[in-house]
Amino acid sequence: MAASALAASAAASQSMKNREILDAVGTTAAALSLAGSSFIVLCYLLFRELRKFSFKLVYFLAVADMLCSLFTIMGGPANAFYCFAHDYSAHFFCVASFLWTTTIAFTLHRTVVKHKTDVEEFGFIFHLYVWGSDYGRPGTWCWIQQGSTGKILHLITFYLPLWGAILYNGFTYYQVNRMLNNATRMAVGMSDRSSQSDVRADKKAFNRWGYYPLILIGSWAFATINRLYDFANPGHKIFWLSILDIGFAGLMGLFNSIAYGLNSSVRRAIAERIDMYLPERIKRSLPTLSRLRSQQENELTSLIVESNNSITETTMRVTPRSSLAG
């Protein structure tokens, strides 16, 4: 009996230590995401030139990431009401983050592949789609205490939208990239050097954006594996998998803020403000400011709104309409 009691005490102590490690990893990751997403929100509010429709979508993505991280940092439930408020809010804003990435992909696809200029008219629909989605029945979010039913609800209401967003974003970016590949080949065949340079510049930007679906995959792959394993083997946890689960999932906001938010428009706006207030002798020692001010990369903000007409003219000039739709 004494040996059994000692073993149980040691197991409880180890479990508590593991819980503290997981809490520390989750809080640190969420804090980094909170800082990154808050930075993007602050840039949008401070820099008027960033308040275009395309970057507005990035702004709302950052808001969702910021609130998701904030509720994650607030910790686990202490009572029934706090359990509902905390878990539902964290769940809601994390799923909202997935959905905002699909609105960005939709806007990009409609502008570049469909050659439509009406994307700003979808603003209200986007908000209804993201904030108005029904994420489940109130009171089901403390799934740790709800057994297999709670776990199934969690998989349906969280991981189903997640992987739906991943598949949609991946397919959308694939279509955009395929269209630009077709346009590039047509431009080469026509020996149209101006078209070649335009399309290749656009394709360079899209090649980087094509990795954006990997943000969601990288952030939530370990969490998905962990949930499926927990569903198949209830009561048995793999500690290192739990660390990867909590760590990478908590960093989603940071990854989004870097990939979607820190484009050349943001860097240029920051460089201009620094250049405005720094003494001349310090500016001369920071050549990076000059490079940032002169950058003309074809990024998300400028492409979707400001450069829509030029992209449309280029791709229509070098590619038949039917080949783009295919």
Side-chain angles (χ1 to χ4, degrees), residues 40 44 49-62 97-130 164-187 192 194-216 256 259-266 268 295-326:
I40 299 304
Y44 178 84
E49 62 268 32
L50 295 179
R51 298 176 193 173
K52 302 176 178 66
F53 179 75
S54 55
F55 199 79
K56 186 179 293 186
L57 299 180
V58 176
Y59 164 73
F60 286 118
L61 169 63
S97 175
F98 311 155
L99 300 184
W100 277 118
T101 66
T102 64
T103 67
I104 295 173
F106 172 86
T107 301
L108 189 63
H109 181 271
R110 187 169 181 83
T111 302
V112 178
V113 177
K114 299 296 185 181
H115 307 295
K116 301 292 186 180
T117 59
D118 60 349
V119 288
E120 295 192 30
E121 298 176 8
F122 288 85
F124 175 77
I125 297 176
F126 287 164
H127 282 285
L128 188 63
Y129 158 67
V130 175
I166 290 172
L167 293 175
Y168 175 78
N169 291 349
F171 178 73
T172 298
Y173 286 116
Y174 166 76
Q175 282 198 317
V176 170
N177 195 53
R178 185 181 65 170
M179 182 276 293
L180 285 176
N181 282 330
N182 292 338
T184 302
R185 286 195 295 268
M186 291 294 294
D192 189 336
S194 62
S195 296
Q196 290 180 41
S197 60
D198 290 341
V199 175
R200 283 172 179 169
D202 299 336
K203 189 175 184 299
K204 182 179 180 181
F206 282 118
N207 283 338
R208 186 168 65 84
W209 298 341
Y211 292 104
Y212 286 178
L214 296 180
I215 295 174
L216 288 179
N256 282 337
Y260 289 96
L262 285 181
N263 55 45
S264 63
S265 298
V266 175
R268 192 159 49 245
Q295 279 183 341
Q296 297 297 326
E297 296 174 4
N298 193 7
E299 300 260 11
L300 182 64
T301 301
S302 59
L303 179 63
I304 294 180
V305 178
E306 297 177 352
S307 301
N308 175 64
N309 292 335
S310 64
I311 294 176
T312 300
E313 292 172 0
T314 299
T315 54
M316 289 297 291
R317 183 168 64 250
V318 300
T319 308
R321 182 88 176 183
S322 58
S323 66
L324 298 181

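- Heavy atoms only, all atoms of each residue included: His109 and Val176 are closest at CA-CG2, 4.0 Å.
- Rounding to the nearest 0.5 Å gives a distance of 10.5 Å between CG of Leu99 and CG of Leu61.
- To the nearest 0.5 Å, the span separating CD on Glu120 from NZ on Lys52 amounts to 11.0 Å.
- Applying the side chain to side chain donor-acceptor pair (under 3.5 Å) rule to Thr172 yields no partners; only residues at least two apart in sequence or on another chain are considered.
- The side-chain heavy atoms of Ile40 and Tyr260, taken from C-beta on, include no pair separated by under 4.5 Å.
- Shortest non-hydrogen contact noted between Thr102 and Asn169 is CA-OD1, 3.4 Å.
- Between Val112 and His115 the shortest heavy-atom distance is O-CE1, 3.3 Å.
- Within the model, atoms CG of Leu108 and CZ of Arg110 stand 13.0 Å from one another, a figure rounded to the nearest 0.5 Å.
- A parallel orientation is assigned to the rings of Tyr44 and Phe55, their planes being inclined by less than 30° (bins at 30° and 60°).
- Between Phe106 and Tyr168, some side-chain heavy-atom pair lies under the 4.5 Å cut-off.
- Across all their heavy atoms, Ala165 and Leu216 have their closest contact at CB-CD1, 4.2 Å.
- With sequence neighbours left out, the side chain to side chain contact (heavy atoms under 4.5 Å, CB included) criterion links Phe60 to Lys56, Trp100, His127.
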